[in-house]
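Okay, structure first, notes after.
Within every chain, numbering begins at 1; the chains are lettered A, B, ... in the order of the sequence lines, protein sequences first and strands thereafter.
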Number of protein chains: 2
Amino acid sequence: MAVFLSTYVNKVDRKGRVSIPAQFRQSLAKSSLPGTIYLWPSLNHQALEGADQDYLDVLSDSLESPDLDADEREMIETFIFGKLVPVSLDNEGRIVLPRELAEFANIGEEASFIGRRKTFQLWEPNALKAHEAALRDQVVRKDISLSQIVAKAQRGAAGRAGEGA
Amino acid sequence: MAVFLSTYVNKVDRKGRVSIPAQFRQSLAKSSLPGTIYLWPSLNHQALEGADQDYLDVLSDSLESPDLDADEREMIETFIFGKLVPVSLDNEGRIVLPRELAEFANIGEEASFIGRRKTFQLWEPNALKAHEAALRDQVVRKDISLSQIVAKAQRGAAGRAGEGA
DNA sequence: TGGGTGTTTATGGGATAGCATGGGCCGGTA
DNA sequence: TACCGGCCCATGCTATCCCATAAACACCCA
């Protein structure tokens, strides 16, 4: 599955086209449908989410899981699959941002791509900055550090391994 | 996984290139992706963090852990993976410092590499000196010693082993 | 022990290819 | 006929590759 990293700010031209960052494209090349990405409005932010075919397959499979509540399933069916737009890359590696989606995320002349590993998000650049500033406040307030988080996750994993034995 | 030790100060040329210290490169040779390192802005300092592929894999796995809060996960996705830049070494063992990252850490004509075992940090040299001075103050004030720390960690390990039995 | 030699490292610059971006053309459609 | 979307071409910029140099270092041999 494609892996998306880093942040890129690209222009949206008069025709509504944006270049997909080259790094993202290289990653997409490994996907099972390299010339197409899927976009949908984020559930939690005024931004767009994007992913490749393989990610959607996984998502689709998890909908079959009996562990999901009916209303969780209903939400995903409606808001993800119901809003999903497949867009294809042109020869220059650009997509046309569907107007509806661009309006939802308030994207005008520029768009920020931010990688989130298996998916990426598309933001209006200033909105993204504001979002990041808010998050960074939390990092400071809670005094979070990376090594702390890794340690926490690994302690948890070790604990679960112990239970099993 | 690569191990990074010691401090090195190298020049940043007009194109934004820096030599990775030879010692770091030799360590990287054992990594699963020897020609590439990953850089991102530190969560806690005005500096950059760097690591190899293997460390990132561990980090990525930690994100799948159910022990993390949703907002911790969101922070890591945004601030680590969202900012993470893969940079590859050229034939001379140099990388180009991504401009936003150099600006974040206020790095100009010189950069200090400081090994932190599994990761390393990149600082503007004077900023690093100031940081070290501040830290050393704390060591004195809190009367910290190495043997103390080792003893403390070993007491803790013994305790946890006891629980398990 | 000291000089010499070869190698590795850090650094600089020029050439080249790739990328983001903009504009134009053509065919279909309302 | 006017518009819209899809395709191709043109441009400037940036990053990548390649080669050159100087200093530091290790090694060898007299």
Residue-phosphate contact under 4.0 Å: Asn91(B) side-chain N/O, dC17(D) OP1/OP2: no

Geometric class of the Phe113(B)/Phe120(B) ring pair [parallel <30°, tilted 30-60°, perpendicular >60°]: tilted

Parallel, tilted or perpendicular: rings of His45(B) and Trp123(B) (30°, 60°): tilted

Scan [X] against the nucleic acid and name what it touches under 4.0 Å (heavy atoms): base, sugar-phosphate only, or nothing.
X: Asn10(B); result: sugar-phosphate
X: Ile20(B); result: sugar-phosphate
X: Gln23(B); result: nothing

Asn10(A) side chain to Ser19(A) side chain, donor-acceptor N/O pair below 3.5 angstrom: no

Donor + acceptor pair across side chains of Ser145(A), Asn44(B) (<3.5 Å): no

Whole-Å gap separating [atom2] ([N]) and [atom1] ([X]):
X: Glu92(B); N: dT16(D); atom1: CD; atom2: C1'; value: 11 Å
X: Asp90(B); N: dC19(D); atom1: CG; atom2: P; value: 13 Å
X: Ile95(A); N: dC7(D); atom1: CD1; atom2: C1'; value: 17 Å
X: Asp13(B); N: dT16(D); atom1: CG; atom2: P; value: 13 Å
X: Lys11(B); N: dA22(D); atom1: NZ; atom2: C1'; value: 12 Å
X: Leu97(B); N: dT14(D); atom1: CG; atom2: C1'; value: 16 Å
X: Leu89(B); N: dA15(D); atom1: CG; atom2: C1'; value: 15 Å
X: Tyr8(B); N: dT11(C); atom1: OH; atom2: P; value: 13 Å

Side chain Arg25(A) and base dG18(C) donor-acceptor under 3.5 Å: no

Under-3.5 Å donor-acceptor pair between Lys15(A) side chain and dG6(D) base: yes

Atom pair CD/CZ of Glu77(A) and Arg73(A) - distance to nearest 0.5 Å: 8.0 Å

Closest to side chain of Pro21(A), choosing from dG23(C), dA20(C), dC8(D): dA20(C)

Closest to side chain of Arg17(B), choosing from dA20(C), dG12(C), dT11(C): dG12(C)

Pairwise 5' ranking along DNA chain D for Arg99(A) and Arg94(B), keeping only the more 5' one: Arg99(A)

